[in-house]
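Before any comments, here is the structure.
Labels below follow one simple rule: chain letters A, B, ... track the order of the sequence lines, proteins then strands, and each chain is numbered from 1. Keep in mind that this is a model prediction, so the values were computed, not measured.
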Protein chains: 2
Amino acid sequence: MTRMHKENNLSKNQQIIFDLIDRSSEPLKAYTILYNVQKKGINAPPQVYRALDKLVEIGKIHKIESKNAFVACKNSDCEISKATAFSICESCEVVDEISDVKLSKYLSSFNHKKGMKFKRFNLEFFGLCKKCK
Amino acid sequence: MTRMHKENNLSKNQQIIFDLIDRSSEPLKAYTILYNVQKKGINAPPQVYRALDKLVEIGKIHKIESKNAFVACKNSDCEISKATAFSICESCEVVDEISDVKLSKYLSSFNHKKGMKFKRFNLEFFGLCKKCK
DNA sequence: TTAGAATTGTTATAATATAACAGCATGTAA
DNA sequence: TTACATGCTGTTATATTATAACAATTCTAA
Ligand SMILES: [Zn+2]
Ligand SMILES: [Zn+2]
Ligand SMILES: [Zn+2]
Ligand SMILES: [Zn+2]
């Protein structure tokens, strides 16, 4: 059984699942993850979803809501996932995390007319990538 | 059986489901919709999902991706759903469609570094509404 | 060392969404 | 008129995504 170390803030299952997502070139779905970690002893959906929830919470991964899939954060962990933006190709389905300081600042400071103060946003752009257009 | 009229571009099931969503004060989930239209003869999930797909396609409703729920467009049908933005209260779950021309223009003209040309975006802001904060 | 918090393992089930097939209505072209 | 295409409908079954509930173990901090 893996010992927890202070310098590593991920648990065993969290690390296994993060590594898989981080090495993937495309967003991974929960059950795809499950199939791929069964050889490592993760057998059931709740184990996957728990790890995913935690990884999202701490900003190591993001959920692409329109695809129910997960990608590793490429963006120094996105201030704990408060401001996420993605580009999604509607043809080849490639997903890129957008790191644009101006965009992020603009949206983080956006205030709704109706007096709501935002803590977080998620933005998904759709189109055709260079290869597909 | 309802006759199709040229002046009405929605079919019978589409109209029933649109009316329900339009009258609702909150986003509705597909199976909530199903339960509420069974008295009108819509019995099975595919009938609901087909109507929802079409209504989304023509911009009469939008899907709130983070909630798997649907709202009527409050915004003259959003140029056929090319540019959607919502505020979502994390406490009471109230959802508002944001109609902000500056925001919409800013995002519609945003171009990704990697040369992708965007056709569409969806933005979801999260926070606490006036009542909940 | 002990109590609380976090994580794990497990079974079962809930909630969301689509495949596949058949029928009917409308519009258009031969 | 017939024939065909398109779009909508109805139906059964199934696939996919996600959580409830409970017991046990491991980690952390006091
Ligand atoms: Zn990120
Ligand atoms: Zn592409
Ligand atoms: Zn709209
Ligand atoms: Zn609220």
Side-chain angles (χ1 to χ4, degrees), chain A residues 1-21 24 26-71 80 93 95, chain B residues 1-21 24 26-58 60-71 93 95:
Chain A
M1 191 62 31
T2 308
R3 189 67 61 91
M4 288 288 290
H5 300 286
K6 270 186 186 151
E7 64 271 20
N8 180 358
N9 47 10
L10 296 186
S11 74
K12 171 172 144 283
N13 289 1
Q14 290 160 14
Q15 188 71 57
I16 290 168
I17 287 173
F18 175 72
D19 287 344
L20 182 70
I21 296 171
S24 172
E26 58 186 8
L28 294 180
K29 290 173 165 266
Y31 277 74
T32 304
I33 293 167
L34 177 57
Y35 301 140
N36 280 283
V37 297
Q38 285 185 326
K39 63 191 78 118
K40 307 234 179 189
I42 296 176
N43 303 303
Q47 296 174 285
V48 173
Y49 281 101
R50 283 175 194 142
L52 290 173
D53 288 349
K54 187 70 184 181
L55 291 166
V56 166
E57 185 190 322
I58 64 180
K60 301 285 290 183
I61 67 173
H62 304 303
K63 183 174 185 181
I64 310 298
E65 294 286 358
S66 62
K67 299 170 76 71
N68 297 316
F70 299 84
V71 294
I80 314 180
E93 312 250 290
V95 171
Chain B
M1 192 62 30
T2 308
R3 189 67 60 90
M4 285 288 289
H5 300 287
K6 269 184 188 154
E7 64 270 20
N8 180 358
N9 47 10
L10 296 186
S11 74
K12 172 173 144 282
N13 287 1
Q14 289 161 14
Q15 188 70 58
I16 290 168
I17 287 173
F18 175 73
D19 287 344
L20 182 70
I21 297 170
S24 171
E26 58 186 6
L28 294 180
K29 290 173 165 267
Y31 277 75
T32 304
I33 292 167
L34 177 57
Y35 301 140
N36 280 283
V37 296
Q38 285 185 326
K39 62 190 81 118
K40 307 234 179 189
I42 297 176
N43 304 302
Q47 297 174 285
V48 173
Y49 281 101
R50 283 176 194 142
L52 290 173
D53 288 349
K54 187 69 182 182
L55 291 167
V56 166
E57 185 190 322
I58 65 180
K60 301 285 289 181
I61 66 172
H62 304 302
K63 182 173 186 181
I64 310 298
E65 293 284 359
S66 62
K67 299 171 77 71
N68 297 316
F70 299 85
V71 294
E93 311 250 292
V95 171

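- Distance CD (A:Glu57) to C1' (C:dA5): 13 Å, rounded to an integer number of Å.
- Residue-to-nucleotide proximity on DNA chain C shows that, of A:Ala44 and A:Lys54, the 5′-proximal contact is made by A:Lys54.
- No side-chain heavy atom of A:Ile42 sits under 4.5 Å from any side-chain heavy atom of A:Ile33.
- Applying the 4.0 Å criterion to OP1 and OP2 of C:dA6, one finds that A:Asn13 has every side-chain N and O outside that range.
- Proximity of B:Lys29 to the phosphate of C:dT16: a side-chain N or O atom is located under 4.0 Å from OP1 or OP2.
- Which of D:dC8, D:dT11, C:dT8 sits closest to the side chain of B:Ser11 comes down to D:dC8.
- Atom P of nucleotide C:dT16 and atom CZ of B:Phe70 are separated by 10 Å, given to the nearest angstrom.
- Here the CG atom belonging to B:Asn43 is positioned 8.0 Å from the CG atom belonging to B:Leu34, to the nearest 0.5 angstrom.
- Contact between the side-chain N/O atoms of A:Asn68 and the OP1/OP2 oxygens of D:dT16 is not found at any separation under 4.0 Å.
- At whole-Å resolution of the value, CG in B:Leu52 and P in D:dT9 are 12 Å apart.
- Distances were taken from every side-chain heavy atom of B:Lys12 (C-beta onward) to each of C:dA12, D:dG10, C:dT7; the shortest belongs to D:dG10.
- Among the nucleotides D:dT11, C:dT7, C:dT10, the one closest to any side-chain atom of B:Gln47 is D:dT11.
- The nearest whole Å value for the distance from the CD atom in A:Glu65 to the C1' atom in D:dT16 is 16 Å.
- For B:Asn9 and D:dC8, the CG to P distance is 10 Å, given to the nearest whole Å.
- Listed nucleotides: C:dT18, C:dT7, C:dA17. Nearest to the side chain of B:Tyr31: C:dA17.
- We find that CD1 of B:Ile17 is positioned 12 Å from C1' of D:dT9, with the value rounded to whole Å.
- Look at CD1 on B:Ile33: it is 12 Å from C1' on C:dT16, rounded to the nearest Å.
- Looking at A:Glu93 and A:Lys67, their side chains come closer than 4.5 Å, going by heavy atoms from C-beta outward.
- Nucleic acid contact class of A:Lys63 (heavy atoms, under 4.0 Å, all strands): sugar-phosphate only.
- Note: B:Asn68 CG to A:Glu65 CD = 8.0 Å, rounded to the nearest 0.5 Å.
- With rounding to the nearest 0.5 Å, the separation of OG in B:Ser11 from CD1 in B:Ile16 is 8.5 Å.
- The side-chain heavy atoms of A:Val37 and A:Asn13, taken from C-beta on, include no pair separated by under 4.5 Å.
- Checked against D:dA18, C:dA20, D:dC8, the side chain of B:Arg50 finds its nearest nucleotide in C:dA20.
- Projected onto DNA chain D by closest heavy-atom contact, A:Pro45 and B:Ala51 fall at different nucleotides, the more 5' of which corresponds to B:Ala51.
- At whole-Å resolution of the value, CG in A:Asn43 and C1' in C:dA12 are 15 Å apart.
- With DNA chain D read from its 5' end, the first of the two nearest nucleotides for A:Thr32 and B:Gln14 is the one closest to B:Gln14.
- Side-chain proximity of A:Tyr49 to the nucleotides D:dT17, C:dA17, C:dA12 is greatest for D:dT17.
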